[in-house]
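The block underneath contains the structure these notes are about, expressed in structure tokens.
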Amino acid sequence: MELLIDTNVIIDYFTNREQKSAGTDALFEYIYSGKISAYIAAHTVPTIWYVLRKTLAPAELRNLLRALFSCFTVSPVGKNELLTALDRDDFSDFEDCVQDECASSVHAQYIITRNKKDFAHSKIPALLPVEFMRLM
């Protein structure tokens, strides 16, 4: 099974944010154990850097991202994904539409997100972390 993990879930996990969705820790344990294949979109990486640079030293942040790459495959964001996302007017948030296009390009079964409503028109079904863990 392939999943695309939305940026907000990754950041929630690493910052232990107050609004972190239930099931996030269990989801990451599943991913780290290798029981499922997880992807992140390439544009998620600079966003993680941008958000976490305020709380982590550069060396710590580099190590965190290297650890992330050991468990996640990076879905490329290329011209096709961007053009397809530009042609879609069913998403209010362009970045979420690009996430959906990346999930589609890697044939993910689900997008795991904290903001499910943002993916109401996605090609790939979106689930909260806790909803996905209930399926497992």
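- Partners of V45 by side chain to side chain contact (heavy atoms under 4.5 Å, CB included), not counting sequence neighbours, listed by chain and number: I40, L65, F69.
- Residues L127 and F72 are members of one and the same hydrophobic cluster, defined by side-chain heavy-atom contacts under 4.5 angstrom among Ile, Leu, Val, Met, Phe, Trp and Tyr.
- N115 pairs by the side chain to side chain contact (heavy atoms under 4.5 Å, CB included) definition with N8, T113, D118, not counting sequence neighbours.
- Y32 and I36 end up in the same hydrophobic cluster when Ile, Leu, Val, Met, Phe, Trp and Tyr side chains are linked at under 4.5 Å.
- In this structure, E81 and S105 have side chains that are in contact, with non-hydrogen atoms separated by less than 4.5 Å.
- A heavy-atom distance below 4.5 Å is found between the side chains of Q99 and H43.
- Atom OH of Y50 sits about 11.0 Å away from atom CD1 of I11, to the nearest 0.5 Å.
- Connection of M133 to M1 is established within a shared hydrophobic cluster, with ILVMFWY side chains joined at heavy-atom distances below 4.5 Å, either directly or through further cluster members.
- Between T47 and E95, the closest side-chain pair of non-hydrogen atoms is not below 4.5 Å.
- Y30 and I111 are not part of a single hydrophobic cluster, where members link through side-chain heavy atoms under 4.5 Å apart.
- Annotation: side chain of C102 is in contact with side chain of V77 (closest heavy-atom distance under 4.5 Å).
- Between the R134 side chain and the E131 main chain, no donor and acceptor come within less than 3.5 Å of each other.
- The shortest side-chain heavy-atom distance between V74 and Y39 does not fall under the 4.5 Å cut-off.
- In this structure, I10 and F28 have side chains that are in contact, with non-hydrogen atoms separated by less than 4.5 Å.
- Between I124 atom CD1 and Q109 atom CD the span is 8.0 Å, to the nearest 0.5 Å.
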Item to complete: Could you walk me through whether Y110 and L4 pass the side chain to side chain contact (heavy atoms under 4.5 Å, CB included) test, one step at a time?
Response: CA-CA 6 Å; Y110 298 104; L4 184 116; over 6 Å; no
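- Applying the side chain to side chain contact (heavy atoms under 4.5 Å, CB included) criterion to K123, with sequence neighbours excluded, gives T84, R88, D100, E101, S104.
- Looking only at side-chain heavy atoms (C-beta outward), L86 and F94 come within less than 4.5 Å of each other.
- With I5 as the partner, the side-chain contact (heavy atoms from CB on, under 4.5 Å) test is satisfied by one option alone out of L68, I31, T44, T24: I31.
- To the nearest 0.5 Å, the span separating NE2 on H107 from CD on E2 amounts to 9.0 Å.
- Annotation: side chain of L56 is in contact with side chain of L64 (closest heavy-atom distance under 4.5 Å).
- What you find for W49 and R62 is that their closest heavy atoms are CH2-NH1, 3.2 Å.
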Worksheet item: Could you go step by step and tell me if L27 and I112 meet the side chain to side chain contact (heavy atoms under 4.5 Å, CB included) rule?
Response: CA-CA 9 Å; L27 171 68; I112 308 301; 3.6 Å; yes
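- Ion pairing of R114 with D6 is absent here, as no side-chain N (NZ or NE/NH1/NH2) approaches a carboxylate O to less than 4.0 Å.
- A continuous path of Ile, Leu, Val, Met, Phe, Trp and Tyr side chains, each step under 4.5 Å between heavy atoms, connects V9 with L61, placing both in one hydrophobic cluster.
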